[in-house]
Peer 1: 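For reference, the structure I am asking about is given below.
Chain naming here is simple, since letters A, B, ... match the order of the sequence lines and numbering starts at 1 in each.
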Protein chains: 2
Amino acid sequence: MHCQHRHTHERQELAALTSRLRREDRKITGPRAAILEILRHHPHPLTNKEIFSELPEGECDLATIYRAMQMLEKLGMVQRFDFGDGAARFELVGEGNNGHHHHLICTRCASVVEVQKCFPEEVEREIAKTNGFTGVTHRLEFFGICPDCQK
Amino acid sequence: MHCQHRHTHERQELAALTSRLRREDRKITGPRAAILEILRHHPHPLTNKEIFSELPEGECDLATIYRAMQMLEKLGMVQRFDFGDGAARFELVGEGNNGHHHHLICTRCASVVEVQKCFPEEVEREIAKTNGFTGVTHRLEFFGICPDCQK
DNA sequence: CGCCTTATTGCAAAAGGTTTGCAATAAGAA
DNA sequence: TTCTTATTGCAAACCTTTTGCAATAAGGCG
Ligand SMILES: [Mn+2]
Ligand SMILES: [Mn+2]
Ligand SMILES: [Zn+2]
Ligand SMILES: [Zn+2]
């Protein structure tokens with residue numbers, strides 16, 4: 001309301017997401033729109049429980065979130081990440097983007113930084129070739145102590 | 001029996017493990033010896049359930065294995081790995097070795113190859129510095145289709 | 001706009017993996 | 001051998017994720 005430009009921008013993004021669902025013959029439901037809205041406003045991966053608690057009171061069941069994330073992952077609209085704490089995390093992926101990237105996570109406060117650097121392609125290719133594997137990819141996350149937690 | 005050299009070698013290794021426990025004031029129990037014996041004969045990470053099923057009938061309870069692996073991890077005698085399938089895996093670590101390494105896992109048959117290549121140190125240092133993190137390390141695993149599963 | 005079909009949801013139960021409390025057991029010291 | 005106390009087995013609890021099923025509602029169609 002107080003910023004027409006930004007408001008329009010956000011509305012378009014949500015529309016892009018829902019149109020992507022429509023294109024795949026998926027229904028735009030209240031819970032799904034609410035979940036996308038939350039993901040859209042978070043730059044880092046969220047657990048299903050975190051999404052659940054961000055949702056307005058009784059907006060949607062936890063099981064529905066689990067099912068929604070499974071579907072969004074299958075459509076390539078979210079990327080699943082594993083920080084090693086036993087709960088899957090999901091992050092929205094832009095169209096025409098495979099979502100492959102990494103994170104730097106504080107082991108004290110769990111704060112997260114997006115990391116664009118990736119494992120060197122040529123080394124990965126060498127690992128694949130050496131062992132006769134095809135379609136090789138990787139899962140990689142960094143862990144350390146963030147600036148705040150060092151104080 | 002049929003190979004004195006190898007036999008001696010194995011016995012020494014188990015002795016090295018138990019002496020390491022003794023040094024840390026931990027008791028050498030039947031279950032612990034049996035677990036170490038299994039880990040010692042497996043070159044790749046094992047889940048607790050896998051260790052359990054390798055164990056002779058009623059040799060030890062699953063909960064005991066969970067407790068043993070926690071202890072061994074704390075002592076740095078095993079390294080925990082996460083292949084992203086929801087079950088922790090453990091691999092024996094040699095003394096004076098921090099156990100840091102990686103794997104290439106077949107997404108069809110789950111076969112595992114040890115990978116010695118690591119993420120480039122200088123790039124990791126740069127990621128740490130850029131974001132003001134200290135004590136940065138990483139978790140990295142590769143996934144693909146193994147030679148057998150390509151046929 | 002209202003009806004129909006059927007995907008989607010809520011709820012509750014179940015399914016793994018992992019942890020924990022407690023009484024019984026046994027390792028290692030004396 | 002005895003004694004102390006870490007360790008074990010067992011059962012229950014915990015946590016995340018999945019699933020069955022009847023009720024609900026989205027979107028297509030007349
Ligand atoms: Mn991210
Ligand atoms: Mn290994
Ligand atoms: Zn990468
Ligand atoms: Zn490494």
Side-chain angles (χ1 to χ4, degrees), chain A residues 14-15 17-38 45-75 77-90 110, chain B residues 14-15 17-38 45-75 77-90 110:
Chain A
L14 183 57
L17 292 170
T18 55
S19 83
R20 194 157 166 197
L21 279 187
R22 237 182 294 275
R23 219 181 307 150
E24 300 274 359
D25 289 314
R26 287 331 203 311
K27 293 182 177 175
I28 317 297
T29 66
R32 287 178 180 175
I35 291 169
L36 288 172
E37 195 57 14
I38 286 172
L46 292 176
T47 65
N48 284 333
K49 212 207 295 182
E50 285 169 343
I51 294 173
F52 182 69
S53 54
E54 296 259 344
L55 241 28
E57 180 94 19
E59 170 73 48
C60 135
D61 192 81
L62 226 203
T64 300
I65 299 179
Y66 274 94
R67 284 189 272 232
M69 301 317 290
Q70 282 183 157
M71 177 209 57
L72 293 173
E73 186 185 20
K74 197 175 311 175
L75 300 191
M77 292 179 62
V78 301
Q79 174 77 24
R80 177 189 296 256
F81 292 98
D82 181 356
F83 288 1
D85 64 350
R89 278 158 219 268
F90 300 90
Chain B
L14 183 58
L17 292 170
T18 55
S19 82
R20 194 156 167 198
L21 280 187
R22 237 182 294 275
R23 219 181 308 149
E24 301 274 358
D25 288 315
R26 290 324 203 313
K27 293 182 176 174
I28 317 298
T29 65
R32 287 178 180 175
I35 291 169
L36 288 172
E37 197 54 16
I38 286 173
L46 292 177
T47 64
N48 284 332
K49 212 206 296 181
E50 286 169 342
I51 294 173
F52 182 70
S53 54
E54 297 259 343
L55 242 27
E57 180 94 18
E59 168 73 48
C60 137
D61 192 79
L62 226 204
T64 299
I65 299 179
Y66 274 94
R67 284 189 273 232
M69 301 318 290
Q70 282 182 155
M71 177 209 58
L72 293 173
E73 186 186 18
K74 196 174 311 175
L75 300 191
M77 292 179 61
V78 300
Q79 175 76 25
R80 176 190 297 256
F81 292 97
D82 181 356
F83 288 1
D85 64 350
R89 278 158 219 268
F90 300 90

Peer 1: Considering just the side-chain nitrogens and oxygens of A/Thr29, establish if one lies under 4.0 Å of OP1 or OP2 belonging to C/dA7.
Peer 2: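 False: A/Thr29 side-chain N/O out of range (4.0 Å or more) of C/dA7 OP1/OP2.
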
Peer 1: Distance check needed: C/dA7 P versus A/Met71 CE, whole Å only.
Peer 2: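 Computing the A/Met71:CE to C/dA7:P distance gives 14 Å.
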
Peer 1: Given side chains that start at C-beta, do those of A/Ile35 and A/Met69 come closer than 4.5 Å, heavy atoms only?
Peer 2: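 Side chain of A/Ile35 against side chain of A/Met69, heavy atoms only: contact under 4.5 Å found.
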
Peer 1: Report the distance from atom CG of A/Asp61 to atom P of D/dT16, rounded to the nearest whole Å.
Peer 2: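 Nearest whole value for this atom pair: 15 Å.
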
Peer 1: Round to a whole Å and report the spacing from CZ of A/Arg80 to P of D/dT18.
Peer 2: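 Between P of D/dT18 and CZ of A/Arg80: 7 Å.
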
Peer 1: Starting at the 5' end of DNA chain C and moving along, which residue's nearest nucleotide shows up first, B/Asp85 or A/Cys60?
Peer 2: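 Its nearest nucleotide lies further toward 5', so the answer is A/Cys60.
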
Peer 1: Roughly, in whole Å, what's the span from CZ in A/Phe90 to P in D/dT16?
Peer 2: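 Computing the A/Phe90:CZ to D/dT16:P distance gives 13 Å.
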
Peer 1: Is the shortest heavy-atom distance from the side chain of B/Arg32 to the side chain of B/Thr18 under 4.5 Å?
Peer 2: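 Not in contact.
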
Peer 1: Look at all strands and tell whether B/Ala88 reaches a base, only sugar-phosphate, or nothing, counting heavy atoms closer than 4.0 Å.
Peer 2: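 Sugar-phosphate, backbone atoms only, no base.
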
Peer 1: Looking only at side-chain atoms of A/Ala63, point me to the closest of C/dC11, D/dT8, C/dG17.
Peer 2: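 So the nucleotide nearest the side chain must be C/dC11.
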
Peer 1: Starting from P on D/dA6, measure out to CG on B/Leu72 and report it in whole angstrom.
Peer 2: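 Going from CG in B/Leu72 over to P in D/dA6 covers 18 Å.
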
Peer 1: Any side-chain heavy-atom pair from A/Asp82 and A/Arg89 closer than 4.5 angstrom?
Peer 2: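 When only atoms from C-beta onward are counted, A/Arg89 and A/Asp82 do not touch, as no gap falls below 4.5 Å.
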
Peer 1: Looking at D/dG27, does its base get a donor-acceptor pair with the side chain of A/Arg22 below 3.5 Å?
Peer 2: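 Between D/dG27 and A/Arg22, which were checked side chain against base, a qualifying N/O pair under 3.5 Å is absent.
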
Peer 1: Can you tell me whether the side chain of A/Arg67 and the base of D/dG20 have a donor-acceptor pair closer than 3.5 Å?
Peer 2: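 Donor-acceptor pair under 3.5 Å: yes.
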
Peer 1: If I take atom CZ in residue A/Arg32 and atom C1' in nucleotide D/dG27, what distance separates them, rounded to the nearest angstrom?
Peer 2: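 About 13 Å, once rounded to whole Å.
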
Peer 1: Within the structure, does a side-chain N or O atom of B/Tyr66 lie under 4.0 Å from either OP1 or OP2 of C/dT18?
Peer 2: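 So the side chain of B/Tyr66 is within the cut-off, an N or O lying under 4.0 Å from OP1 or OP2 of C/dT18.
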
Peer 1: Are B/Leu72 and B/Leu21 side-chain neighbours, meaning at least one heavy-atom pair lies under 4.5 Å?
Peer 2: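 Yes, side chains in contact.
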
Peer 1: Kindly say if A/Lys49 contacts the phosphate of D/dC15, meaning a side-chain N or O under 4.0 Å from OP1 or OP2.
Peer 2: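 No, because none of the side-chain N or O atoms of A/Lys49 sits under 4.0 Å from OP1 or OP2 of D/dC15.
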
Peer 1: What is the distance from CG of A/Leu62 to C1' of D/dT19, rounded to the nearest Å?
Peer 2: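 For the pair A/Leu62 CG and D/dT19 C1', the rounded distance is 14 Å.
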
Peer 1: Rounded to the Å, how far apart are A/Lys27 NZ and C/dC4 C1'?
Peer 2: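 One finds 10 Å between C1' of C/dC4 and NZ of A/Lys27, rounded.
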
Peer 1: So, do A/Pro45 and A/Phe90 sit near enough that their side-chain heavy atoms are less than 4.5 Å apart?
Peer 2: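 They are not in side-chain contact.
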
Peer 1: Would you indicate which nucleotide in C/dT19, C/dT8, D/dT7 comes nearest to any side-chain atom of B/Gln70?
Peer 2: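 The closest nucleotide is C/dT19.
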
